[in-house]
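Okay, structure first, notes after.
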Amino acid sequence: MSNGKRLTSQSEDFSAWYNEIVQQAELASHSPVRGCMVIRPYGYRIWELMQGALDGMFKATGHQNAYFPLFLPKSLLDREAEHVEGFAPETAIVTHAGGTKLEEPLVVRPTSEAIIWPILSDWIHSYRDLPVLLNQWANVVRWEMRTRPFLRTTEFLWQEGHTAHANEAEAEEETRRMLGVYRTFMEDWMAMPVVTGLKTDTERFAGALRTYACEGLMKDNKALQAGTSHSLGENFARAFDVRFQNEEGEHVYVWSTSWGVSTRLVGGLIMTHGDDEGLVLPPKLAPYETVIVPIWRDEEQHRLVLDASNRVKVDMEAAGIRVHVDDREGMNPGSKYYDWERRGVPLRLEIGPRDVQAESVMAVRRFTPEGSDRKTAMPLAGLGSRLRTFLDGIQEELLTAALARREAATVRGIEDYAEFQRLIEEQGGFVYTGWCGEADCEQNVKEETKSTIRVIPDEEFRSDGAPARCLCGAPSKGEVVRARAY
RNA sequence: CGGGGAGUAGCUCAGUCCGGCAGAGCACUGGCUUUGGGAGCCAGGGGCCGCGGGUUCAAAUCCCGCCUCCCCGACCA
């Protein structure tokens, strides 16, 4: 059961609100090791539901799961110059094991390219071996300066896809396909709208040709990079000598990709839907889509409502709904309401003697957009299938609301730098501007406004009339989405 | 890693300045009464006072070192 009566409100202190939700909804807790967290059962269940959905989508697009080692010899990480430069500052290195100093230090993987490609070079000989479409569910370690539960932890859980292709076009197609899979997952399962697009060179994955990303907008109007997909070109193939014989009999390098999403998504989920009462979960990712709270006065009623509650539970499970009966005694219904609201359960069913008498239940929704009733009496007959539809509706409403919130926090066509600075400072959100394409200009704006170019947006997100000029006044080479970000 | 704040029961914190029996509320256990929006009474359990060293007759309290968390920067999924 949650402790404390009230959360700090989002408007008062968003960071405090976030930390309190993580603790009070029992999603995660701190560990004795810096920057590492314990993911508690309720939080882990959300991650498991995410994994289940994503894993199914990966398999549907032809990928197979495999597992590669946690440790990689330091010499392997050093092979790809840009890659090692990018990751060296944040790696943890094992120098001693088994009571002695190791001959060669082992790096705890910050990502697995450097262990996967040397191995795949042995697997790949012919164009007939391609494409190789792999995914791995794993933990990785990146020694970050500053950590926050789920959003940035020293050790985190993720999946990393790694694929090898015969040519650039296929690799690019795969990179884009998986970005699309992520977007579909974020919208359909997390109810979190994202802007997709290309990262600038400075934000690109270390060792990649191109990095694409999904960017969500959190309730404090800061952006969250929620997933990335990288077109790695021949870079890793050259570094790890991954070649195959093509149909012409030539030995050529493979074109590779990698793509990943992490437990950071749980943080994105919290900050996309949560409110001052606590977590708000979309039904598809809620450990319990519905909680039944029985209400009784005496023993006879206790038996009556528990019996009715369990029958409703069976009916709902048959309709494919994850449901829990909160039969805790000595706790009054009001306390249970607050408890489950804080944990974000999408729908609560209250079943008391009056409901049993009327052969109905009182359904109370967690997320209540304008114009919808928070409480609805529903007849027992056909309840399961009706609630399935009802929950599916809530899932859609959450996406609609999140999309409306993002659009309200999006400004387009900004050319004037002073106006840009004011927007970033006063309201945040996504600001679409032109960009001259110069890294120096990108860096200046970053230093002066603490905002970054999130993506060069994909076509469907671009403005009708994009700015002709960059914030620096130079002619724009293309539109970009800027924001302060996590 | 730099600046600031903090660490005492599961949680939030008081006690630290000025050394002298380890505290409160909530949570937890048992009993009784309760139960349609955060229940009441009674009786209990629970502490390496972040860790290590030092000063002292005596340390949660003073001194030194370290660890962890939070906020602000630089780095990042």
Report summary line: Tightest non-hydrogen contact, residues T228(A) and Y182(A), listed as O-CE1, 3.5 Å

Query raised in the report: Is rC66(B) paired to anything, Watson-Crick or G-U wobble with both distances less than 3.5 Å, and if yes, which nucleotide?
Result: rG50(B)

**Report entry** Minimum-distance nucleotide (side-chain atoms of M362(A) versus rG37(B), rG36(B), rA77(B))
**Finding:** rG36(B)

Report task. Sticking with atom P, work out how far rG45(B) lies from rG23(B), rounded to a whole angstrom. Result -> 13 Å

Report task. Report which part of the nucleic acid K450(A) touches: base, sugar-phosphate, or nothing (heavy-atom distance under 4.0 Å, all strands). Result -> sugar-phosphate

Report task. Considering only atom P, compute the distance from rG10(B) to rG31(B) and round it to an integer number of Å. Result -> 24 Å

**Report entry** Interatomic distance at P, rA60(B) relative to rU8(B), whole Å
**Finding:** 15 Å

**Report entry** Pair assignment for rC75(B), Watson-Crick or G-U wobble, requiring both distances under 3.5 Å
**Finding:** none

Query - rG20(B) and rG15(B), which share atom name C1', separated by this distance in whole Å - result: 14 Å

Query raised in the report: When we call it a touch if two heavy atoms are under 4.0 Å apart, what does G35(A) touch: a base, just sugar-phosphate, or nothing?
Result: sugar-phosphate

Query raised in the report: Say you pick atom C1' in rG30(B) and the same atom in rC69(B); how far apart are they, in whole Å?
Result: 36 Å

Query - Closest listed nucleotide, where the reference is the side chain of Y337(A) and the choices are rC75(B), rA77(B), rG36(B) - result: rG36(B)

Requested in this report: Taking the six-membered ring for Trp and the single ring otherwise, decide whether the centroids of F236(A) and H83(A) are under 6.0 Å apart.
Outcome: yes

Query raised in the report: Can you tell which of rA77(B), rC1(B), rU68(B) lies closest to the side chain of R142(A)?
Result: rA77(B)

Report task. Write down the distance separating the C1' atoms in rC49(B) and rU61(B), rounded off to the nearest Å. Result -> 10 Å

Requested in this report: Report the base-pairing partner of rU56(B) (Watson-Crick or G-U wobble, both distances below 3.5 angstrom), or none.
Outcome: none

Query raised in the report: Between rG36(B), rA77(B), rG37(B), which one does the side chain of V364(A) approach most closely?
Result: rG37(B)

Report task. Sticking with atom C1', work out how far rC28(B) lies from rG47(B), rounded to a whole angstrom. Result -> 15 Å

**Report entry** Distance-only donor-acceptor test, R342(A) side-chain atoms vs rG37(B) base atoms, 3.5 Å
**Finding:** no

**Report entry** E341(A) (side chain) and rG37(B) (base): donor-acceptor pair under 3.5 Å
**Finding:** yes

Query raised in the report: Would you say the ring centroid of F87(A) lies under 6.0 angstrom from that of F205(A)?
Result: yes

Report task. Could you tell me whether E397(A) and R365(A) make a salt bridge, using a distance below 4.0 angstrom between a side-chain N and a carboxylate O? Result -> yes

**Report entry** base_contact_polar (rG36(B) base, R297(A) side chain, donor-acceptor, <3.5 Å)
**Finding:** no

Report task. Tell me whether the OP1 or OP2 atom of rC72(B) has a side-chain N or O from R146(A) closer than 4.0 Å. Result -> yes

**Report entry** rA9(B) versus rA27(B) - spacing of their C1' atoms, nearest Å
**Finding:** 10 Å

Report summary line: rA14(B) -> Watson-Crick or G-U wobble partner, both distances under 3.5 Å, gives none

Report task. Mind checking L224(A) for me? I need base, sugar-phosphate or nothing, with any heavy atom below 4.0 Å counting as a touch. Result -> nothing

**Report entry** Side chain proximity check, L398(A) to M192(A), heavy atoms < 4.5 angstrom
**Finding:** no

Query raised in the report: Looking at S15(A), does any N or O in its side chain come under 4.0 Å of the phosphate oxygens OP1/OP2 on rC71(B)?
Result: yes

Report task. State which residue, out of S112(A), S256(A), S258(A), fulfils the side-chain contact (heavy atoms from CB on, under 4.5 Å) condition with W117(A). Result -> S256(A)

Report task. Determine the contact category for S262(A): base if any of its heavy atoms lies under 4.0 Å from a base atom, sugar-phosphate if only primed atoms, P, OP1 or OP2 are that close, otherwise nothing. Result -> base

Requested in this report: Remember a base hit wins even if backbone is also touched, and classify P89(A) as base, sugar-phosphate or nothing at under 4.0 Å, heavy atoms.
Outcome: nothing

**Report entry** Given rC70(B), rC75(B), rC11(B), the nucleotide with the shortest approach to the side chain of Q23(A)
**Finding:** rC11(B)

Query - Sugar-phosphate, base or nothing in reach of T211(A), heavy atoms under 4.0 Å - result: nothing

Query - Under 4.0 angstrom between N19(A) side-chain N/O and rC69(B) OP1 or OP2 - result: no

Report task. Could you let me know what rC32(B) is paired to, Watson-Crick or G-U wobble, both distances under 3.5 Å, or none if it's on its own? Result -> rG40(B)

Query raised in the report: What is the nucleic acid contact for E144(A), judged by heavy atoms within less than 4.0 Å: base, sugar-phosphate only, or nothing?
Result: base

